[in-house]
Amino acid sequence: MVLADISWLTRRPVAHRGFHDKAAGRVENTLSAVDAAIERGFSIEVDLQASSDGVPMVFHDFTLDRLTDESGPLPARTAAQLNAIRISGTDDHIPTLAELLDRVAGRVGLVIEIKSDFRTPPVLIPAIAAQLRTYDGPAVVMSFDPRVVEGFRRNAPDLPRGIVAEKTEPDEEWGDATAFQRFMLRHMLHAPWSRPHFVAYHVKALPAPGPWVMRKVFGKPLLTWTVRTAEDRATAARHADQMIFEGFDPEAA
């Protein structure tokens, strides 16, 4: 199998969770935010979670509380139930991956992050791979969890895959990880077996040895997230090939 061309990945800024602006009624990871990114020609980063019946849903959080009028864990609901939930203050609903692909239709690039709690085995890989196999447009997958990246390597080796990484400070997101595990994730020591095709690294942690080696020694494209300030933009310009941004228009006059 021949790896798809990923040169598009660094050509255009990537809109974090779509080109969202809550004040304008465009909430993150909604089709409205996707439409706005398409209109501006930006590539789009989105997040995927699994419904209780194994359908990829476009949503960032593990719970519904922050963005909807519902509460509780997202993975406890079926795709049909989640699809019927409206995003608070909007006419948008929680979309499926299939809806996202239909809406984008290859017009801009898609950077799809698969969320993981690092405790339960990843379940979405076959479903995502099957849908992207027939999708006629530029798309890549990525995850903080190297098991997910390795899973795509084994199940869909021709689908471009990336690793997301940061300093992995011992906060609530990394509390279950040992110091060695955080060290491995921060420096991407799993790369010999996960074999990512690109890296997405936290802008506040750049420069850093791991992404430098992946970029300069192994020639892997480096995206950086989430770029929000002028300082972030300067860091991205010095140390990365493209930015994943939010909160501003990077091409506004």
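For reference, positions follow the sequence shown, starting with 1.
- Formation of a donor-acceptor pair under 3.5 Å by the Arg161 side chain with backbone atoms of Val140 is not found in this model.
- Aromatic rings from Trp8 and Phe198 are positioned such that their centres are separated by 6.0 Å or more.
- Counting only heavy atoms from C-beta outward, the side chains of Pro221 and Gln242 never approach each other to under 4.5 Å.
- Applying the side chain to side chain donor-acceptor pair (under 3.5 Å) rule to Arg26 yields no partners; only residues at least two apart in sequence or on another chain are considered.
- Note on Met214 and Leu223: separate hydrophobic clusters, where clusters join Ile, Leu, Val, Met, Phe, Trp and Tyr whose side-chain heavy atoms are under 4.5 Å apart, directly or indirectly.
- Screening Thr68, Ile85, Leu82 against Phe59 for a side chain to side chain contact (heavy atoms under 4.5 Å, CB included) leaves a single residue, Thr68.
- Without hydrogens or angle criteria, Thr78 side chain to Ser52 main chain gives no donor-acceptor distance under 3.5 Å.
- Of the N and O atoms on the side chains of His190 and Ser194, at least one donor lies less than 3.5 Å from an acceptor on the other residue.
- Grouping Ile, Leu, Val, Met, Phe, Trp and Tyr residues whose side-chain heavy atoms lie under 4.5 Å apart, directly or via other members, places Val227 in a hydrophobic cluster with Phe19, Phe42, Val203, Met243, Phe245, Phe248.
- Partners of Asp35 under the side chain to side chain donor-acceptor pair (under 3.5 Å) rule, at least two apart in sequence or in another chain, are Arg103.
- Ala79 is linked by a side-chain contact (heavy atoms from CB on, under 4.5 Å) to Ser51, Asp53, Val55, Met57, counting only residues two or more places apart in sequence or in another chain.
- Linking ILVMFWY side-chain heavy atoms closer than 4.5 Å, directly or via other members, places Met188 and Val149 in a single hydrophobic cluster.
- Scored by the salt bridge (charged side-chain N to carboxylate O under 4.0 Å, His left out) test, Glu150 finds Arg153, Arg154 as partners (sequence neighbours excluded).
- Nearest heavy atom pair, residue Val199 against residue Pro211, reads CG1-CB, 4.5 Å.
- Atom CG of Asp21 sits about 11.5 Å away from atom OG of Ser32, to the nearest 0.5 Å.
- Residues Trp193 and Pro146 form a side-chain contact, since some pair of their non-hydrogen atoms from C-beta on lies under 4.5 Å apart.
- Rounded to the nearest 0.5 Å, atoms CD1 (Ile94) and CZ (Arg86) are 10.5 Å apart.
- Here the side chains of Met142 and Ile114 are not in contact, with every heavy-atom distance at 4.5 Å or above.
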Show me the side-chain donor-acceptor pairs of residues 125-139 shorter than 3.5 Å, one per line, residues at least two apart or across chains.
residue, atom, partner, partner atom, Å
Gln131, OE1, Ala98, N, 3.3
Thr134, OG1, Gln131, O, 3.3
Tyr135, OH, Gly106, N, 2.8

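- Just one residue in the list Val141, Thr96, Asn29, Leu97 forms a side chain to side chain contact (heavy atoms under 4.5 Å, CB included) with Leu48, and that residue is Leu97.
- Separation of the Trp225 and His16 ring centroids does not fall under the 6.0 Å cut-off.
- Not counting sequence neighbours, the partners of Arg77 by the side chain to side chain donor-acceptor pair (under 3.5 Å) test are Glu70.
- A continuous path of Ile, Leu, Val, Met, Phe, Trp and Tyr side chains, each step under 4.5 Å between heavy atoms, connects Val58 with Leu101, placing both in one hydrophobic cluster.
- Cluster annotation: Tyr201 and Val217 are assigned to the same hydrophobic cluster (Ile/Leu/Val/Met/Phe/Trp/Tyr, side-chain heavy-atom contacts under 4.5 Å, transitive).
- A donor and an acceptor atom, one from each side chain of Ser71 and Asp65, are nowhere located under 3.5 Å apart.
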Begin with the C-alpha distance, continue with both residues' side-chain angles, and end with the deciding distance and a verdict on side chain to side chain donor-acceptor pair (under 3.5 Å) for Arg11 and Ser7.
CA-CA 7 Å; Arg11 287 194 198 121; Ser7 59; 2.7 Å; yes

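- Glu166 and Arg186 are not joined by a salt bridge, as no carboxylate oxygen comes within less than 4.0 angstrom of a charged side-chain nitrogen.
- When side chains are defined from C-beta on, Arg182 does not count as touching Met184, because their heavy atoms never get closer than 4.5 Å.
- Partners of Asp249 under the salt bridge (charged side-chain N to carboxylate O under 4.0 Å, His left out) rule, at least two apart in sequence or in another chain, are Arg40.
- Hydrophobic cluster membership differs between Val164 and Ile44, with clusters built from Ile, Leu, Val, Met, Phe, Trp and Tyr side chains linked at under 4.5 angstrom.
- Within the structure, side-chain hydrogen bond (donor to acceptor under 3.5 Å, both in side chains) contacts touching residues 204-220 (residues at least two apart or in different chains) are Lys204-Asp232, Arg215-Asp241.
- With no hydrogens or angles considered, no side-chain donor-acceptor pair links His60 and Gln49 at under 3.5 Å.
- Taking Asp61 as the reference, Arg66 meet the salt bridge (charged side-chain N to carboxylate O under 4.0 Å, His left out) condition, with sequence neighbours excluded.
- Atom-to-atom distance recorded for Leu74:CG and Phe62:CZ is 9.5 Å, nearest 0.5 angstrom.
- Between the Asn83 side chain and the His93 main chain, no donor and acceptor come within less than 3.5 Å of each other.
- Legend: residues meeting side chain to side chain donor-acceptor pair (under 3.5 Å) with Glu231, ordered by chain and number and at least two apart, are absent.
- No side-chain N or O of Ser143 forms a donor-acceptor pair with one of Asp145 less than 3.5 Å apart.
- Every residue meeting the salt bridge (charged side-chain N to carboxylate O under 4.0 Å, His left out) condition with Arg17, not counting sequence neighbours, appears here in chain and number order: Glu28, Asp47.
- The closest side-chain heavy-atom distance from Thr224 to Ile244 is not below 4.5 Å.
- How far CG of Leu67 is from CG of Asp92: 11.0 Å, rounded to the nearest 0.5 Å.
- In this structure, His197 and Pro160 approach most closely via the heavy-atom pair ND1-CA, 3.5 Å.
- Atom CD1 in Ile163 sits 7.0 Å away from atom CG in Leu185 (nearest 0.5 Å).
- Expressed to the nearest 0.5 Å, how far OG1 of Thr168 lies from NE2 of His187 amounts to 8.0 Å.
- In this structure, the side chains of Lys167 and His202 stay at 4.5 Å or more apart for every pair of heavy atoms.
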